[in-house]
Amino acid sequence: MLTILFDGVAYGMLLFVLACGLSVTLGLMNLINLAHGAFAMAGGYTTVVLVNSFGVPFFLSLPLAFLVAAVIGLVMERAVYVHVYRKPHLEQVLLTIGLVFMAVAGTDYVMGTSQVFANTPEVLHGQFQFFGVGIGRYRLLIIVVCGVLAIGLQYILTRTRFGSRLRAAVDDQRVAQGLGINVNGIFALTFAFGSGLAGLGGALGTEILGLDPTFPLKYMIYFLIVVTVGGTSSITGPFVASLLLGISDVAGKYYVPKLGAFVIYTIIIVVLIWRPQGLFSRASAK
Amino acid sequence: MTLALETIGLVKQFGGLTATNDVSLKVEAGARHALIGPNGAGKTTLINLLSGVLKPTSGRILLEGDDITGLPQHTRVHRGMVRTFQINQLFGDLTPLETVGLAVSERNGDGMDWWRMAGSKPSLLEEIASVLERFKLADVMNERTAILPYGKQRLLEIAVAIAAKPRVLLLDEPAAGVPEGERHEILASIAALPKDVTVLLIEHDMDIVFSFAEKISVLVNGGLFVEGLPGDVAKDPRVKAVYLGEEVHGQ
Amino acid sequence: MTSPLIRRATESMLSRARWHPLEIIFWAGAFAAIWLLPTRHLILTEIAWLALFALSLDFLVGYAGIISLGHAAFFGVGAYAAALLAKHELINEPVLALFAAGLVAMALGFVTSFLVLRGSDLTRIMVSLGVALILRELANQFGWLTGGADGLQGVTMQPILGTFRFDMFGHNGYAYCLVVLFVLFLVARQIANSPFGLSLVAIKNNPLRAAAIGIPVDRRLIVIYSIAAFYAGIAGGLLAQTTSFASLDVFSFDRSADLLLVLIIGGVGYLYGGLIGAILFKVMQDYLSVLTPQYWPFWIGALLVAMVLIGRDRITGWTTPFRKLAAKLDWRAARRDAAAAEDRR
Ligand SMILES: Nc1ncnc2c1ncn2[C@@H]1O[C@H](COP(=O)(O)OP(=O)(O)OP(=O)(O)O)[C@@H](O)[C@H]1O
Ligand SMILES: [Mg+2]
């Protein structure tokens with residue numbers, strides 16, 4: 001029971017790291033980016049290739065996965081995404097679905113169709129017992145890394161200059177611009193950082209989520225759920241939403257394996273009926 | 001005198017900000033009532049509450065004696081209260097003809113009619129044509145609204161509301177952004193409204209307010225500050241203080 | 001009393017709904033293909049139901065302004081409903097069964113519309129995507145009914161109206177699909193030109209103002225969502241009936257996403273977009289997927305990205321010459337202009 005809770009928390013935290021970038025870009029630029037999972041996939045494959053083919057230590061490959069995904073994110077932001085910030089959501093959806101398809105087919109072409117895993121070091125294998133709770137070492141790593149990241153993010157957003165500028169830009173772009181804040185720079189940086197986080201999540205997640213070229217499609221709905229349920233006004237919302245999603249998904253698949261997939265959808269529907277604007281929306285006008 | 005519109009202790013809070021503060025307003029049937037106040041006083045918020053765009057934090061709204069506080073926007077329109085917007089809210093892809101036609105046919109209860117073609121009821125077309133004519137929109141009636149000059153859009157903004165044949169009309173700065181030379185068209189159209197239509201007018205231009213209003217309410221910081229006849233309000237030192245204070249502030 | 005202005009206004013309002021010569025040519029061509037292109041009837045059949053499917057999405061995207069990423073949900077429900085009705089011999093006559101399949105999809109559309117109405121574009125995308133996923137999972141789990149991952153096999157279709165058999169060359173199949181498409185298109189056209197259709201465009205343009213002139217926005221959206229689901233269900237039913245088969249793939253995300261592309265190629269919000277898009281899409285698929293069958297999605301993706309970046313207007317702008325030509329051909333428009341000029345004098 002507690003083990004399931006533990007696994008659920010690990011899964012949820014992983015989802016948070018994967019999706020929080022999406023939540024910030026949506027809040028900041030009002031951008032619907034369905035291709036977010038492609039950056040996670042880029043990070044995942046970076047780790048797999050580095051570890052399996054070049055013998056780079058797993059722990060070193062994680063920051064590299066972040067970096068690769070962030071750089072790709074930066075390039076894509078400047079080259080492609082800037083053009084659709086002010087366009088209607090329909091165009092953003094079309095563009096980013098197009099990117100997903102290209103990423104899926106392109107990865108398939110380069111890396112092959114089959115599922116891949118990174119060779120993780122011995123330390124991370126197996127479980128140990130802690131007061132009767134079976135704790136998977138790998139999942140513990142995920143919780144630690146993602147927990148540190150979540151706290152770090154919260155700190156950056158609430159305590160630093162960059163954070164306050166970011167929040168100013170989210171609240172009102174024009175006012176922020178007027179205050180001499182370089183909104184475009186903030187957009188690019190945030191996008192890159194969010195993509196990097198997704199990449200890191202993808203790298204960490206190969207073991208749990210599985211990695212194959214259809215990754216961005218398979219997990220698109222999870223990211224969307226985190227963002228719609230969690231809202232975009234803080235990172236606490238997506239965090240709680242991720243945990244909720246992770247725990248209910250793991251528990252659902254364990255207790256009612258046949259209907260496991262429906263548990264999360266049922267929860268989502270209940271949440272949407274109860275709070276149509278998401279669990280943590282700002283006190284909204286309507 | 002019967003009341004067309006009444007609010008009782010209306011309050012609206014946005015987070016910590018109280019945009020409407022315990023407003024109890026009475027608008028008599030057939031009145032020419034103006035609502036004035038400095039920028040950010042909460043005039044538009046009050047209109048949003050009356051029209052149902054916003055839900056009040058507390059308080060009640062009565063339309064012709066009936067409580068309409070919980071009703072959705074479209075029901076309030078069907079009950080005869082229609083508003084205009086300070087910032088144009090139009091249908092960019094439709095023409096003025098279609099826009100006015102839509103408003104007329106919705107009022108007529110034809111909105112769900114999907115089998116008959118739009119524009120096939122002669123009686124409605126007569127009415128549509130007369131609205132277009134009155135608001136000087138006949139010559140541009142087949143242009144897309146999005147490409148009309150601002151002045152025409154502003155006229156359409158009001159024409160749409162009139163097409164819904166309101167008994168109570170809420171006008172939120174109808175002349176906002178319209179250059180001096182074109183204002184008279186808008187003023188004339190408002191002045192020409194039938195006497196039995198109740199009008200609540202928000203306006204910054206004092207010439208318009210004093211030429212139009214029979215009664216004035218002054219809103220400051222979300223609350224009703226002074227109410228009375230135009231002459232009394234104009235002389236009221238507190239009102240002067242508010243407006244002068246603001247002007248000094250603005251410079 | 002009829003002033004010149006009233007006459008002109010009436011004329012302009014009604015002219016929206018008039019048949020354009022190009023439209024007549026379009027449909028004449030489609031029906032002529034029954035006799036002129038007998039070897040292409042299989043692909044023409046696919047075009048016909050895809051066109052209907054895209055038309056139903058145009059109701060949402062082009063008229064009501066609702067972005068859906070899960071329109072395949074209704075298509076799939078229609079397909080399974082039609083296949084199951086035939087397999088278990090519940091309704092043997094295909095036309096009736098098709099109508100029933102549409103109604104089943106419509107019921108689903110009605111129920112899910114309440115979820116879709118709530119919230120923002122993002123919520124709508126998430127919900128529509130989720131509904132399609134859930135249905136796919138349901139079809140997978142309830143294998144005893146749906147055949148699970150193998151698909152629903154052993155469906156035999158009875159003759160249409162008791163007379164026309166579904167032949168293996170798809171001759172009758174095409175004629176059947178085309179007639180269904182045409183009839184539903186006529187209805188769609190009527191809807192689009194009615195006060196109801198006008199109110200949808202108004203809602204898409206500005207829901208705030210729509211409510212302020214007394215349009216019950218939510219109710220209208222529920223209605224159009226249900227109608228769109230009905231159309232999609234019929235399209236799915238046509239697929240199942242003409243192939244005597246339904247599989248999980250009817251619910252796939254790719255199907256919903258491809259459909260958006262179909263609609264975008266043809267142009268959004270003027271009814272023919274879905275039809276023209278379906279023709280172009282299928283022809284393109286025919287060529288490209290022969291060249292690179294496995295990487296076909298890559299080209300779909302590239303096309304989507306290109307269309308957005310280059311600007312939909314410029315790409316779909318290729319229809320502009322046609323529209324201009326159409327305007328010249330339209331003698332009634334010319335007569336109307338002349339009448340207007342006369343009024344001014
Ligand atoms: N949706 C909202 N959320 C938060 N604050 C709001 C909202 N709408 C209005 N406000 C705030 O409420 C106050 C009143 O605004 P309102 O627009 O009603 O003023 P107004 O009297 O119409 O001003 P103006 O003359 O400039 O039109 C302002 O401080 C404004 O910032
Ligand atoms: Mg205002």
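None of the values given here were measured: they were computed from a predicted structure. Just so it is clear, the values below take in all heavy atoms, side chains as well, and ignore hydrogens, waters and symmetry mates. In what follows, chains are A, B, ... by sequence order, proteins preceding strands, each numbered from 1.
- Distance check: B:E106 CD to C:L198 CG gives 9.0 Å after rounding to the nearest 0.5 Å.
- In this structure, C:I213 and B:V77 have side chains that are not in contact, with every pair of non-hydrogen atoms separated by 4.5 Å or more.
- Heavy-atom pairs under 4.5 Å with chain C were tallied for B:D93, B:T95, B:L132, B:T99; the largest tally goes to B:D93.
- Here the side chains of C:N206 and B:F85 are not in contact, with every heavy-atom distance at 4.5 Å or above.
- Side-chain contact between B:L97 and C:M13 is present, with heavy atoms from C-beta onward closer than 4.5 Å.
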| query | After noting the C-alpha distance and the side-chain angles of C:I215 and B:H74, does the key distance pass the side chain to side chain contact (heavy atoms under 4.5 Å, CB included) rule? | reply | CA-CA 6 Å; C:I215 298 174; B:H74 62 89; 5.8 Å; no

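- A 6.0 Å sphere centred on CD1 of B:I87 holds no more than 12 heavy atoms belonging to other residues, nucleotides or ligands.
- Contact detail for C:A202 and B:L94: the closest heavy-atom pair is CB-CD1, 4.3 Å.
- Between chain C and the residues B:A129, B:G101, B:P166, the largest count of heavy-atom pairs under 4.5 Å involves B:A129.
- Among residues 133-147 of chain B, the residues having any heavy atom closer than 4.5 Å to a heavy atom of chain C are, in sequence order, B:E133, B:A138, B:M141, B:N142.
- A donor-acceptor contact shorter than 3.5 Å links the side chain of C:R209 to the backbone of B:E157.
- Heavy-atom contacts from other residues, nucleotides or ligands closer than 6.0 Å to CZ of C:F99 number 12 or fewer.
- When heavy atoms are compared at a cutoff of 4.5 Å, B:A163 does not approach chain C at all.
- Between B:Q73 and C:A212, the shortest heavy-atom distance links the atoms OE1-N, 4.3 Å.
- With a 4.5 Å cut-off on side-chain heavy atoms, B:L102 and C:S199 count as touching.
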